[in-house]
Amino acid sequence: MYFTIEGNHFMAEIRTRFAPSPTGYLHIGGVRTALFSWLVARQAGGKFILRIDDTDSERNKVEALQPILDGFRWLGIDWDEGPEIDGPFAPYYQSQRNHLYVDAASQLLAAGKAYPCYMTTDEIKAERDASEKAKKPYVHRGKHRQSTPDDCLKLYNEKKTAIRLKVPDDELIKINDLIRGDVEWQSNLIGDPIILRPDGRALYNFATVIDDVGMQISHVIRAAEHLSNTPVQVLVYLALGAPMPFFAHVPVVNEPNSKKKLSKRDMKKFVTSDVLKKLNAVGWTNEQIEIRDDLNPATVSFYKELGYLPEGLVNYLARLGWSLDDHSEIILLKEMVAKFSLDRVNNAPASFDPDKLFWVAGEYMKVLPLDKKVDGALPFMQKAGFINSVPSPVELETLRKVIDATGDRLKIFSDILPYGAPFFKADPDYDLKSLAKRVAKEGVPELLKTFSVSLHALSDFSAASIETTLKDFCLAGNHNTGMLIHALRVSTTGIEVGPGVFDCLYILGKEESLRRINLALDLIAK
RNA sequence: GGCCCUGUCGUCUAGGGGCCUAGGACACAGCCCUUUCACGGCUGCGACACGGGUUCGAAUCCCGUCAGGGUCACCA
């Protein structure tokens, strides 16, 4: 005989949930699991529930929860029930639900499915040592397993203690995991788990089931590390006589180029000098990064801070461990909701790849309308002090032109900083090496001077006409076109990489272009 | 150590007995386009963990080995 959960579900509606702890940040691995869960609910027209696992948090709960909610909102993962919106099964904070766990435990006690256990830690330790000596696995079985429900109740009412669930003998506990297929355990290898502490606080494995039953969760979609909790939880469902949900255990996310789980502890190690540089570039000081634990590549807010498009992050995360077919990489959310399926989720762990995420984010940026690009890039320019907090029409227009000229070079919003800087600073930051390489060369200063005259005479200072003028000029005087182009770029923007020169000159305007050319010439004259 | 899960290019993946000389994507290298960079195009590099079966035929099914991971709490 064995217990099975297959086909034992009779909920009318698909209801999935994610149960984060208020940690102060949204972890990239967790959000991927949540995304799968959300996708299942949205596809079925069901409900996605956020339940806060705050039973042992000493932190300020509201404060530590906010970044998580913000993260979900930013990504576009919305919830139908949970914090800030409530719902028919409120409260959605486990810390406020303990009475439900106590009630359920009493019920099990009365039904003879659980018993009070008065064994001391020393006694348990002695038993464990004995089993170890005998080279047998330690399986806890308390003394009051055999007592009648009435005796148990009486005992418990006289003296509160830990309550354990009776694990049945000689059973095979079997689930059909929607991702991993059949998984089974021997009940004889599972010790009677404590479900309620002597002080009346519930344990995770118990509280989770009570909540999932109470909130009518139809699909328990969670990280693979919970797979080994599942048999105990199945037993709780059974003891409760509650309908069994589907289970799906999503494989863990590994560190980049590693077989190790992308852990929540020790995230600081991801803050490499490279990462630090990126964060510095968008205005975070090393001190701030040190204090905040959400500014590292294992959290969602890190990507928000750097100006990744949330759609890109979502797309990347979905593809991490899941595939639609043999070729699709860019999959719009709409399509994902329509076509997602748990059976196409891989069962092996996947390593997080920042390079690919960057590429995906860039693909989304490419197709973003110019207006949206301006909106997204503006805060970065403001934070860097290039543009006023209340931007002038001129600043906005220049930014728009720069972004337009920058084109596909813009992958994430913070990319605007290096490309945009030359157009918003009074003078370019000249890179001395570039200056030496492109301007301070034989004949080049003279060439620039002569060409300045042509530029000065130009009435239509558009990119196209600057280009024509330059080409005609080189043709007529038999000058090296490339040499002049490079010299112009460096002398007007200070850098060698960026939008086309003709665009740069056009955006700067005639006066400013000529001024900068002279500035560079003065500089190399020294 | 017990239990459970998992092994396809460096990474994400396709594949589920013959369409496999193993496909796509990122990354990397080269070439072309563009007198920069990026984009785009083309090419290259590069994997079925190992050993046994089953079969006419195995990346695919079975067994074993090895490796990695998860978990074994009055944490969640």
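Reminder, nothing fancy here: chain letters follow the sequence lines and each chain counts from 1. Owing to the predicted nature of the structure, the values given are computational and were not obtained by experimental measurement.
If you check every strand for non-hydrogen atoms under 4.0 Å, A:His249 touches nothing. Residue A:Pro198 is in base contact, counting any heavy-atom pair closer than 4.0 Å across all strands shown.
Across every strand in view, B:C45 sits unpaired, with no contact that passes the Watson-Crick or G-U test at under 3.5 angstrom. Checking B:C39 for Watson-Crick or G-U wobble geometry (two distances, each under 3.5 Å) identifies no partner in any strand. With both pairing distances under 3.5 Å, B:U71 is matched to B:G2 as a Watson-Crick or G-U wobble pair. Pairing for B:G64 is with B:C50, a Watson-Crick or G-U wobble pair whose two hydrogen-bonding atom distances lie under 3.5 Å. In this structure, B:A25 and B:U11 make a Watson-Crick or G-U wobble pair, each of the two defining distances being under 3.5 angstrom.
Going from atom CZ of A:Arg222 over to atom C1' of B:G70 covers 13 Å, rounded to whole Å. Rounded to a whole Å, the CZ atom of A:Phe206 is 13 Å from the P atom of B:A76. Across the protein-nucleic acid pair, A:His327 atom NE2 and B:G15 atom P stand 12 Å apart, rounded to whole Å. Computed from coordinates, the A:Ile330 CD1 to B:U13 C1' distance equals 14 Å when rounded to whole Å. If you measure from atom NE2 of A:His226 to atom C1' of B:G69, you get 15 Å, rounded to the nearest angstrom. Distance, A:Glu255 CD to B:G69 C1': 13 Å, rounded to whole Å. One can place CG of A:Leu262 at 14 Å from C1' of B:G69, the figure rounded to the nearest angstrom. Here B:G24 presents its P atom at 18 Å from CG of A:Leu324, a figure rounded to the nearest Å.
Other residues, nucleotides and ligands place no more than 12 heavy atoms under 6.0 Å from the OH atom of A:Tyr506. Residue A:Lys160 places its NZ atom among more than 12 non-hydrogen atoms of other residues, nucleotides or ligands, all under 6.0 Å distant.
Donor-acceptor pairing under 3.5 Å, judged by distance alone, is present between the side chain of A:Asn229 and the base of B:A76.
Nucleotides B:A22 and B:G16, compared at atom C1', are 14 Å apart to the nearest Å. Comparing B:G18 with B:U60, their P atoms sit 11 Å apart, to the nearest whole Å. Atom C1' of B:G51 sits at a distance of 16 Å from the matching atom of B:A59, rounded to the whole Å. Comparing the same atom, C1', in B:G15 and in B:G23 gives a spacing of 9 Å after rounding to whole Å. Rounded to a whole angstrom, the distance from the P atom of B:U65 to that of B:C4 is 14 Å. A gap of 23 Å separates the P atoms of B:C62 and B:G2, to the nearest Å. Atom P of B:G40 sits at a distance of 25 Å from the matching atom of B:G46, rounded to the whole Å. Between B:C48 and B:U43, the two P atoms lie 24 Å apart (nearest whole Å).
In the model, A:Asp53 has no side-chain atom that pairs as donor or acceptor with a side-chain atom of A:Ser21 under 3.5 Å.
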Exercise for review: Summarise how protein sits on nucleotides 31-48 of chain B as a single string, 5' to 3': B when a protein heavy atom is under 4.0 Å from the base, S for sugar-phosphate-only contact, - for no contact.
Suggested key: ----BBBSSS--------
Revision key, fill the gap. Per-nt protein contacts along nucleotides 5-12 of chain B (heavy atom under 4.0 Å; B base, S backbone sugar-phosphate only, - none) come out as SSS--SSB
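Annotation: salt bridge (charged side-chain N to carboxylate O under 4.0 Å, His left out) contacts involving residues 219-232 of chain A, sequence neighbours excluded, comprise A:Glu225-A:Lys261.
Of the candidates B:G2, B:G24, B:C3, the closest approach to any side-chain atom of A:Pro137 belongs to B:G2. Residue A:Asp355 places its side chain closer to B:C26 than to any other of B:C3, B:C26, B:A76. The listed nucleotides are B:U13, B:G70, B:C3; the one nearest the side chain of A:Leu189 is B:C3.
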Could you tabulate the donor-acceptor pairs under 3.5 Å formed by side-chain atoms of residues 128-138 of chain A, not counting sequence neighbours?
from: A:Asp129; atom 1: OD2; to: A:Lys125; atom 2: NZ; distance (Å): 3.2
from: A:Ser131; atom 1: OG; to: A:Glu127; atom 2: O; distance (Å): 3.0
from: A:Tyr138; atom 1: OH; to: A:Glu127; atom 2: OE1; distance (Å): 3.4

Contacts under 3.5 angstrom, residues 340-348 of chain A side chains, donor-acceptor by atom type, not counting sequence neighbours:
from: A:Ser341; atom 1: OG; to: A:Asp343; atom 2: OD1; distance (Å): 2.8
from: A:Arg344; atom 1: NE; to: A:Ser323; atom 2: O; distance (Å): 2.9
from: A:Arg344; atom 1: NE; to: A:Leu324; atom 2: O; distance (Å): 3.3
from: A:Arg344; atom 1: NH2; to: A:Ser323; atom 2: OG; distance (Å): 3.3

N/O donor-acceptor pairs under 3.5 Å from side chains in residues 475-484 of chain A, not counting sequence neighbours:
from: A:Asn480; atom 1: OD1; to: A:Gly482; atom 2: N; distance (Å): 2.9
from: A:Asn480; atom 1: OD1; to: A:Met483; atom 2: N; distance (Å): 3.1

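Phosphate contact (OP1/OP2 of B:G16, side-chain N/O of A:Arg344, threshold under 4.0 Å): absent.
Salt-bridge annotation for A:Lys433 and A:Asp431: absent, with no side-chain N of the basic residue lying under 4.0 Å from a carboxylate O of the acidic one. We find that A:Lys339 and A:Asp325 are not joined by a salt bridge, their nearest charged nitrogen and carboxylate oxygen being 4.0 Å or further apart. Under the 4.0 Å criterion applied to side-chain N and carboxylate O atoms, A:Lys366 and A:Asp408 are not assigned as salt-bridge partners. A salt bridge links A:Asp169 to A:Arg145: at least one charged side-chain nitrogen sits closer than 4.0 Å to a carboxylate oxygen.
Comparing A:Arg128 and A:Ala224 against RNA chain B, the residue whose closest nucleotide sits nearer the 5' end is A:Ala224. Position along RNA chain B of the nearest nucleotide to A:Lys261 versus A:Ser21 favours A:Lys261 as the more 5'-ward residue.
For A:Tyr308 and A:Phe302, the distance between ring centers is not under 6.0 angstrom.
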